[in-house]
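Here the structure is a predicted model, which means the values were calculated and not measured. Both backbone and side-chain heavy atoms feed into the values below; hydrogens, waters and symmetry mates do not. Start at 1 and go down the list; that is how both ligands and their atoms are numbered.
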Amino acid sequence: MIKKPKGFEDIFPDKIGLWNHIKDTAEKNFKLYNFREMRIPIMEYTEVFARGLGNETDIVSKEMFTFEDRGGRSLTLRPEGTASVVRAYVENGDYNRLASCKLSYFGPMFRAENVQKGRLRQFHQFGAEMFGSDDPYHDYELIALMDNITKSVGVENYDLLINSIGCTECRPTFTEELKKYYQDKINSLCTDCQKRLDKNPLRLLDCKQKGCNELKTDAPKIANYLCENCNNHHTKLKGYLDNSGIKYKEDDLLVRGLDYYTTTTFEFVSSDLGSQSAFAAGGRYNGLVEQFDGKPTPGVGFAAGMERLFILLEDKIKKTNSLDVYMVHTGDKTLTKAMEILAKLRENNISGDLDPSSTGFKSQLKKANRENSKFVIIIGENELNSESATIKELETGEQNTIKFSEITDYLCQIIKKK
Ligand code: HAM
């Protein structure tokens with residue numbers, strides 16, 4: 001038997017209902033906030049991610065699926081969407097073409113990570129990016145958009161964490177202080193952090209290893225080093241969130257694992273997810289367009305992980321995946337009648353199914369339950385003679401006898417009401 005690669009998943013029909021519920025809810029909210037969908041390639045020249053995400057990040061240094069094409073060029077399956085969206089934005093000269101540059105995307109991403117619950121090698125993100133304004137209103141709007149999606153899909157137990165990691169003006173002073181603080185503690189750091197200390201000291205605040213974790217408590221705090229601009233930006237963002245009633249927690253260790261962030265960083269986390277607790281994350285990246293040779297253009301965005309939202313909503317699968325009716329018959333003429341009624345129902349947008357080979361009531365009712373059907377329509381010899389069927393609602397057990405000629409109208413009405 002040939003098996004799929006580790007960390008890659010098959011998604012069967014029983015999961016598609018919930019999958020589409022999450023995707024449709026995100027798309028609906030993107031429209032409400034005036035974000036327009038774009039599609040980005042599934043792979044890029046490796047340079048896009050090396051330049052965009054930073055060579056020292058975990059993703060670029062050890063998690064990319066990279067290979068050479070026949071012309072010897074290095075290609076990489078996209079590990080995230082932001083770098084590609086920025087590359088496309090610059091390459092297509094979108095500064096002038098789009099009235100407001102608010103873009104959304106959806107699709108698979110690939111990271112060669114250690115696989116565990118909620119951490120896959122192929123996973124799916126929906127994301128939103130906004131270019132052209134440094135106003136904290138837009139940081140707020142992106143957060144409000146994700147908050148709305150979270151509530152609308154039905155996630156209840158979650159926290160929003162926010163932080164500011166400063167800009168190119170104020171961050172260097174902070175990172176110097178961090179280096180000084182950690183210098184004489186280097187032997188207590190994990191091997192990854194020992195390497196990070198010189199090139200990417202900010203990431204030490206992100207490390208979950210025991211020794212590194214303990215040292216964070218007394219480490220310098222970024223809030224004490226923010227310049228006036230960054231401070232004002234962060235204060236305004238918090239004001240907008242307060243005014244709109246969006247609850248948040250300030251987390252001065254939220255530095256994120258990608259190098260492009262400036263000022264705002266945020267994460268939506270849920271304790272129901274275990275160690276991979278973030279189901280959406282993002283922030284501002286004011287220098288990224290320039291890094292791709294575009295003219296200076298601020299940007300802000302987020303991406304959410306479909307699989308993690310899926311874990312949080314798994315108990316809702318039943319609700320989003322049910323069939324309207326399952327036809328139960330005894331074969332021969334009752335099957336012919338059941339087929340006739342089913343065809344009419346489908347013409348009227350009522351979904352239904354039957355098993356032509358099965359004649360036992362019990363086994364058909366079991367199948368109706370397995371299919372998660374809302375109703376069964378039972379047609380036996382007696383029903384055929386009286387030209388009416390028994391319609392039973394499976395959840396409540398309520399049943400009624402309805403004339404064959406009235407079944408479609410009857411079901412259309414109650415299904416519409418529900
Ligand atoms: P990220 O934090 O790397 O950010 O990923 C965003 C979300 O994707 C995570 O919160 C998580 O839900 C999901 N995710 C990430 N890795 C995995 C994985 N291996 N398995 C399952 N789910 C995963 C970004 O990707 C940035 N591009 C977000 C952004 C957009 N920042 C600004 N704009």
Inset, instruction - Measure the distance from atom 18 (C) of ligand 1 to every protein heavy atom, then report the residue, atom name and distance (to 0.1 Å) of the closest one. - result: Phe123 CD2, 3.4 Å

Legend entry - Residue, atom name and distance, where the atom is the protein heavy atom closest to atom 13 (C) of ligand 1: Gly305 CA, 3.7 Å

Inset, instruction - Quick one: look at Phe268 and ligand 1, take heavy-atom pairs under 4.0 Å, and tell me if it's side chain, backbone, both or neither. - result: neither

Legend entry - Any side-chain donor near an acceptor of the partner, Asp242 and Tyr248, under 3.5 Å: yes

Inset, instruction - Assess Lys23 against Phe106: is NZ or CZ under 6.0 Å from the centre of the six-membered ring, and within 45 degrees of the ring's axis? - result: yes

Legend entry - Leu309 touching ligand 1 at heavy-atom level, < 4.0 angstrom: no

Inset, instruction - Ignoring angles and geometry beyond distance, decide whether Gln125 reaches within less than 3.5 Å of ligand 1 through its nitrogen or oxygen atoms. - result: yes

Legend entry - Residues Asp259 and Thr57: side-chain donor-acceptor under 3.5 angstrom: no

Inset, instruction - Check ligand 1 against Ala303 and write out every atom of the ligand that is under 4.0 Å from a heavy-atom position of the residue. - result: 6 (C), 7 (C), 28 (C), 29 (C), 30 (C)

Inset, instruction - May I ask you to list the atoms of ligand 1 that are less than 4.0 angstrom from any heavy atom of Tyr261? - result: 26 (C), 28 (C), 29 (C), 31 (N), 32 (C)

Inset, instruction - Indicate whether any N or O donor in one side chain lies under 3.5 Å from an N or O acceptor in the other, for Asn163 and Asp251. - result: no

Inset, instruction - Look at ligand 1 and say whether Arg284 reaches it with a heavy atom at a distance under 4.0 Å. - result: no

Inset, instruction - Please round to the nearest 0.5 Å and tell me the distance separating atom NZ of Lys392 and atom CD of Glu398. - result: 11.5 Å

Legend entry - Distance flag, aromatic centroids of Tyr285 and Tyr260, threshold under 6.0 Å: yes

Inset, instruction - Under 4.0 Å, heavy atoms only, figure out whether ligand 1 is touched by the backbone of Glu129, its side chain, both or neither. - result: side chain

Inset, instruction - Looking only at distances, please establish whether an N/O atom of ligand 1 is found under 3.5 Å from an N/O atom of Tyr105. - result: no

Inset, instruction - May I ask whether Glu307 places a heavy atom under 4.0 Å from ligand 1? - result: no

Legend entry - Least distance between heavy atoms, Val328 atom then Gln364 atom: CA-OE1, 3.3 Å

Legend entry - Phe302: numbered ligand 1 atoms lying under 4.0 Å from its heavy atoms: 29 (C), 30 (C), 32 (C), 33 (N)

Legend entry - Straight-line distance of Tyr326 OH to Asn369 CG, nearest 0.5 Å: 11.0 Å

Legend entry - Residue Phe279 vicinity, atoms of ligand 1 by number, heavy atom under 4.0 Å: 10 (O), 12 (O)

Inset, instruction - Return the residue, atom name and 0.1 Å-rounded distance of the protein heavy atom closest to atom 2 (O) of ligand 1. - result: Arg256 NH2, 2.8 Å

Inset, instruction - Assess the side chains of Thr264 and Asp139: does a donor N or O sit below 3.5 Å from an acceptor N or O? - result: yes

Inset, instruction - Classify the angle between the aromatic ring planes of Tyr240 and Tyr140 as parallel (below 30°), tilted (30 to 60°) or perpendicular (above 60°). - result: tilted

Legend entry - Proximal ligand 1 atoms for Ala280, defined as those under 4.0 Å from one of its heavy atoms: 10 (O)

Inset, instruction - Report the part of Leu258 (side chain from C-beta onward, or backbone N, CA, C, O) that has a heavy atom under 4.0 Å from ligand 1; answer both or neither where that applies. - result: side chain

Legend entry - Closest protein heavy atom (residue, atom, distance) for atom 11 (C) of ligand 1: Arg308 NH1, 3.5 Å

Inset, instruction - Identify, by atom number and element, the atoms of ligand 1 in contact range of Gly118, meaning under 4.0 Å from any of its heavy atoms. - result: 20 (N), 21 (C), 22 (N)

Inset, instruction - For atom 19 (N) of ligand 1, grab the closest protein heavy atom and report residue, atom and distance to one decimal in Å. - result: Glu113 OE2, 2.7 Å

Legend entry - Within-cut-off N or O pair, Arg119 and ligand 1, under 3.5 Å: no

Inset, instruction - Could you tell me whether some N/O pair between Gly81 and ligand 1 is separated by less than 3.5 angstrom? - result: no

Legend entry - Thr82 side chain to Glu129 side chain, donor-acceptor N/O pair below 3.5 angstrom: yes

Inset, instruction - Could you check Trp19, Phe110, Phe8, Tyr105 and say which one makes a ring-ring contact (aromatic ring centres under 6.0 Å, His included) with His124? - result: Trp19

Inset, instruction - Counting heavy atoms only, name the option from Gly282, Gly301, Ala278 that's nearest to atom 12 (O) of ligand 1. - result: Ala278

Inset, instruction - Would you mind checking which non-hydrogen protein atom is closest to atom 30 (C) of ligand 1, with the distance to 0.1 Å? - result: Thr82 OG1, 3.0 Å

Inset, instruction - Could you establish whether Tyr260 and ligand 1 come within less than 4.0 Å of each other, counting only heavy atoms on the residue side? - result: yes

Inset, instruction - Calculate, to the nearest 0.5 Å, the distance between atoms CG and OG1 belonging to Leu258 and Thr265 respectively. - result: 11.5 Å

Inset, instruction - Using a strict cut-off of 4.0 Å, indicate which atoms of ligand 1 neighbour a heavy atom of Leu120. - result: 18 (C), 19 (N), 20 (N), 21 (C)

Inset, instruction - Check each atom of ligand 1 against the heavy atoms of Glu80 and keep those under 4.0 Å away; list them by number with element. - result: 25 (O), 26 (C), 27 (N)

Inset, instruction - Determine whether the side chains of Ser133 and Asp135 contain a donor N or O and an acceptor N or O closer than 3.5 Å. - result: no

Inset, instruction - Determine, for Phe35 and Lys31, whether the Lys NZ or Arg CZ falls below 6.0 Å from the six-membered ring centre while staying within 45 degrees of the axis. - result: no

